[in-house]
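Written out below as structure tokens is the structure these notes cover.
Computation of the quantities below employed the complete heavy-atom set of this structure, encompassing side-chain atoms and omitting hydrogens, waters and symmetry-equivalent molecules. To find a chain, count down the sequence lines: A is the first, B the second, and so on, and within it residues start at 1.
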Amino acid sequence: MPELPEVEVVRAGLAPAVTGARIAGVEVLDARSLKRHDAASGDFEHRLTGERIEAAVRRGKFLWLPLASGDALVGHLGMSGQMLLRTPDHPGDDRHARIRLHLEHPEHGELRVDFVDQRIFGSMAVDRMLPTADGEIAGYSADVTGPWARTIPSQVAHIARDPLDPAFRDDEFVRAVRRRASGIKRILLDQGLISGIGNIYADEALWAVRMHGEQPGDTLSPRRVRELLQAVREVLQKALAEGGTSFDAQYVNVNGASGYFSHSLNAYGQTGKPCPRCGTPIVREAFMNRSSHRCPRCQRLRMTRQSTGAPTPTPERRAGSPAPR
DNA sequence: AGTTGACCCTGGTTGC
DNA sequence: TGCAACCAGGGTCAAC
């Protein structure tokens, strides 16, 4: 279940191996992994072959490799995607290998990047670059000196900056959340507002600040939204430091080693286990065709608008049904 | 424009 | 034992 920390681990692992490399060959083993590639703009293989990779950049859960041509190879891991860095002679027996890049690196020699994706929610595409809307650096990478630095793939342009991005605007986020009537968890998962957060880290951040995922955004005080944003950052950074979350072999970094953040989850996947704070069993509830996990004691719906710190008291307001479906 | 729910996909697990 | 139903979930999109 790759979210920001997992994708960043992949980006960081890929970067030194692919930066400066030339793409000597491309194998598309399963064209379904190219569903986001605009074939009208040219054949995937031909647009990549012979190109030089300039960097490895990430915004939220999207990853892209700027090319010398001015285009970029965009990758998204979906929920089961991996990018495995291999030697050219590695056996090609992966059941779910979808795309294979053969690289020639001036220092590291011949390399292979295998895009392996069991469920095909992920994808690769060659895309054109657009200037960033705010003129700032597009995403995270070690090097931001190239002409590509303030450009973003067209299919990533609608994705908001992630909360670890120095150009993320806290004030704008707080205002946007407080304009919305949707539950706060759905807001956290809206990649057009804040990117990089998925089901796992949403549940963990909400647990950390004792907030119910169905709490409407427009019932939250600015202070509470800022607390939540802070918790999101802490959860992401902690996971990043631990190498990402992995439950099974679904997520592995570029070397095939699993992350281990799953050992320190407080709510996600902890159904029936005692809340680490109060001991009440964590419950699992249906949410958007998936699941939410929360402590029924620590994380309750607040039926009244929380204090805004405004000079005049805010009227009470119903916060919506606490029972999901 | 905000909101909501459905859909895509595979393979492991569950339940009859 | 056999097989159908279910579950995992990020991102997109249609419908309202």
Side-chain angles (χ1 to χ4, degrees), chain A residues 1-8 10 29-38 58-64 74-83 94-99 115-125 127 152-160 162 172-173 175-204 213-220 232 236 239 244-252 258 262 265 267-271 284-293 319-321 323-325:
Chain A
M1 305 48 175
E3 302 182 27
L4 187 154
E6 293 79 21
V7 180
E8 175 54 25
V10 171
L29 307 173
D30 192 329
R32 290 178 297 177
S33 291
L34 298 182
K35 62 191 169 202
R36 290 175 64 89
H37 176 74
D38 180 13
R58 178 193 55 77
R59 175 185 288 202
K61 305 169 194 173
F62 277 88
L63 189 62
W64 66 89
V74 183
H76 195 287
L77 301 178
M79 70 169 280
S80 58
Q82 304 169 38
M83 294 201 192
D94 262 310
R95 282 176 78 188
H96 306 301
R98 311 294 183 190
I99 294 167
F115 179 66
V116 179
D117 187 11
Q118 180 204 108
R119 293 177 213 179
I120 324 185
F121 274 48
S123 63
M124 280 190 154
D127 197 7
I152 189 161
S154 71
Q155 59 182 261
V156 189
H158 68 290
I159 298 294
D162 62 63
E172 280 180 31
F173 176 73
R175 274 196 295 273
V177 167
R178 299 186 68 243
R179 276 198 301 263
R180 295 202 180 194
S182 299
I184 186 62
K185 182 169 174 184
R186 179 142 194 160
I187 296 173
L188 283 181
L189 297 180
D190 183 346
Q191 307 295 305
L193 203 60
I194 183 169
S195 68
I197 306 167
N199 209 31
I200 298 173
Y201 299 116
D203 280 358
E204 290 300 303
E214 302 284 340
Q215 189 73 40
D218 61 5
T219 64
L220 296 171
V232 165
L236 293 178
T245 299
S246 178
F247 301 107
D248 40 39
Q250 289 290 12
Y251 161 75
V252 287
S258 296
S262 53
L265 293 173
Y268 184 85
Q270 307 301 301
T271 313
R284 180 181 136 174
E285 294 163 330
F287 167 78
M288 279 175 73
N289 286 336
R290 54 200 75 160
S291 295
S292 282
H293 309 76
S321 167
R325 69 196 77 251

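The separation between A:E285 atom CD and C:dA8 atom P is 13 Å, rounded to whole Å. Atom CZ in A:R59 sits roughly 17 Å away from atom C1' in C:dG10 (whole-Å rounding).
The end-to-end axis angle of the helix from B:dG2-C:dC16 to B:dC16-C:dG2, rounded to 10 degrees and based on five pairs per end, is 60°.
In this structure, A:Q155 and A:A125 approach most closely via the heavy-atom pair NE2-CB, 3.7 Å. Residues A:S154 and A:D127 share a closest heavy-atom pair of OG-OD1, 2.7 Å. Considering all non-hydrogen atoms of both residues, A:L236 and A:G196 come closest at CD2-O, 4.5 Å.
Considering only residues two or more places apart in sequence or on other chains, A:R32 meets the side chain to side chain donor-acceptor pair (under 3.5 Å) condition with A:D30. Residues passing the side-chain contact (heavy atoms from CB on, under 4.5 Å) test with A:S291, sequence neighbours excluded: A:R284, A:H293.
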- request: Go along nucleotides 8-14 of chain B 5' to 3' and tag each nucleotide: B for a protein heavy atom under 4.0 Å from its base, S when only backbone or sugar atoms are that close, - otherwise.
  value: BBBS---

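Close to C:dC7, at under 4.0 Å from its OP1 or OP2, lies no side-chain N or O of A:S291. Checking the phosphate oxygens (OP1, OP2) of C:dG11, a side-chain nitrogen or oxygen of A:H76 falls inside 4.0 Å. Taking 4.0 angstrom as the limit, A:S80 places none of its side-chain polar atoms (N or O) nearer than this to OP1 or OP2 of C:dA8.
At distances below 3.5 Å, not a single donor-acceptor pair connects side-chain atoms of A:E3 with backbone N or O atoms of A:K61. In this structure, A:Q82 contributes its side chain and A:F115 its backbone to no donor-acceptor pair below 3.5 Å.
A salt bridge is defined here as a Lys NZ or Arg NE, NH1 or NH2 lying under 4.0 Å from an Asp or Glu carboxylate O, and A:D162 with A:R58 meets this definition.
Nearest-nucleotide positions on DNA chain B for A:I187 and A:R290 put A:I187 closer to the 5' end.
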Within the sub-3.5 Å range, which N or O atoms of nucleotides 12-15 of chain C have a protein N or O partner, and how far apart are they?
unit_1, atom_1, unit_2, atom_2, d
C:dT12, OP1, A:R36, NH1, 3.1
C:dT12, OP1, A:R36, NH2, 3.1
C:dT12, OP1, A:H158, NE2, 3.3
C:dT12, OP2, A:H158, NE2, 3.0

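Identified under the salt bridge (Lys or Arg N to Asp or Glu O under 4.0 Å) test for residues 189-203 of chain A, with sequence neighbours left out: A:R180-A:D190, A:K185-A:D203.
With hydrogens and angles ignored, no donor-acceptor pair under 3.5 angstrom links the side chain of A:R179 to the base of B:dG2.
If you check B:dT3, C:dG11, C:dA8 against the side chain of A:R284, the one that comes closest is C:dA8.
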